[in-house]
Amino acid sequence: MNLLEVIKAAEKKGVAVGHFNISNLEQLKAISHAAAKLDVPVVIGTSEGERDYLGVHHAVDLIASYNKEHAKGGYRLFLNADHTHSLASVKIAAEAGYDAILFDGGKEALEENIKLTREAVRIAKGINPEILVEGELGYIGSSSEVRREIPKGVAINPEDLTKPEEATRFVEETGVDMLAPAVGNIHGMFANAPEPRLDIGRIREIKRAVKIPLVLHGGSGNTDEDFLAAIKAGISLIHISTELRVAWRQGLEESLRDNPEEVAPYKLMPEDLKVMERVVEEKLRLFNKTHSL
Ligand code: G3H
Ligand code: ZN
């Protein structure tokens, strides 16, 4: 199955596919182990910053080699060029062989966002007609970090969230395959406070209006209850990054503390991998929990 088929199958079952960002091999290993253990497909995301560090060709080759080595049953890794802001980056990712691209015009006014996203679809599909292009409508903040306050300009009040009629127009005029709306979700997570609740009613209205798969960004910090309600309302793909970054750092600090003399990475990293794997497994179990629709 290609990524669109996997997402549609998830939608049918009333579950969501997990999407996790990586910028190093350990994150990829942890995600892959958890997905293999649960035998589910998963999307690996690299934002522009993450792929600058990792290298687009390296990312594509790594995913291909993991699939070659481990793919069986339900396990399969897909690669998404997450939060792509320039058309030049769209071209690079499509040519490199990514399965999907998120063109992120979420900070732009509607007209400009439509214009740029339509162009992104044209470029990406011209290179690979099978590639999935996701558009972003509404601003949910830009980085996956631990925060103390809501970032400026983020849509949080009901009047600023993605409107179903704008979503319909955006999807029709751009030709995107998937849509990432602003529904109370925020990139990053708060250090000492809960995340704002998701607007489940708005997700339902947008889904009814656009029909195509909906993607929930900014998943770190949201409650299990909100995730399950969001999936039931029409979310098919959920992005998690900050929680995995936090786990990476905690696991690494613990391992360095427990092994003060150790200098071999392959002896230090397994402890870090376990901490990250726990986070990914917990999310994948939740997102893949079938519930009656
Ligand atoms: O695209 C990546 C994400 O939307 C992750 O958001 O850092 O809040 O989990 P997060
Ligand atoms: Zn995102």
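All ligand and atom numbering here is 1-based and tracks the order in the structure.
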Any Gly45 heavy atom less than 4.0 Å from ligand 1: no
Straight-line distance of Asn113 CG to Asp104 CG, nearest 0.5 Å: 8.0 Å
Side-chain donor/acceptor of Thr162 to backbone N/O of Leu137, under 3.5 Å: yes
Ring geometry between His83 and His217 (parallel below 30°, tilted from 30 to 60°, perpendicular above 60°): perpendicular
Min N/O separation Met189 to ligand 1 under 3.5 Å: no
Backbone N/O of Tyr75 and side chain of Asp39: donor-acceptor pair under 3.5 Å: yes
Ile240 N/O to ligand 1 N/O under 3.5 Å: no
Min heavy-atom dist Ile186 to ligand 1 below 4.0 Å: yes
Flag, side chain of Arg147 to backbone of Ser143, donor-acceptor distance under 3.5 Å: yes
Protein contact of atom 1 (O) of ligand 1 - nearest heavy atom, named by residue and atom, plus distance: Asp82 OD2, 2.5 Å
His187 heavy atom under 4.0 Å from ligand 1: yes
Ligand 1-proximal atoms of His83, by part, heavy-atom distance under 4.0 Å: side chain
His19, any N or O under 3.5 Å of ligand 1 N or O: no
Flag side-chain contact, heavy atom, 4.5 Å: Thr46 against Tyr98: yes
Side chain, backbone, both or neither: Thr242 near ligand 1, heavy atoms under 4.0 Å: both
Atom of His83 nearest the Zn ion (ligand 2) (restricted to N/O/S, atom name only): NE2
Among the N, O or S atoms of His217, the one nearest the Zn ion (ligand 2): ND1
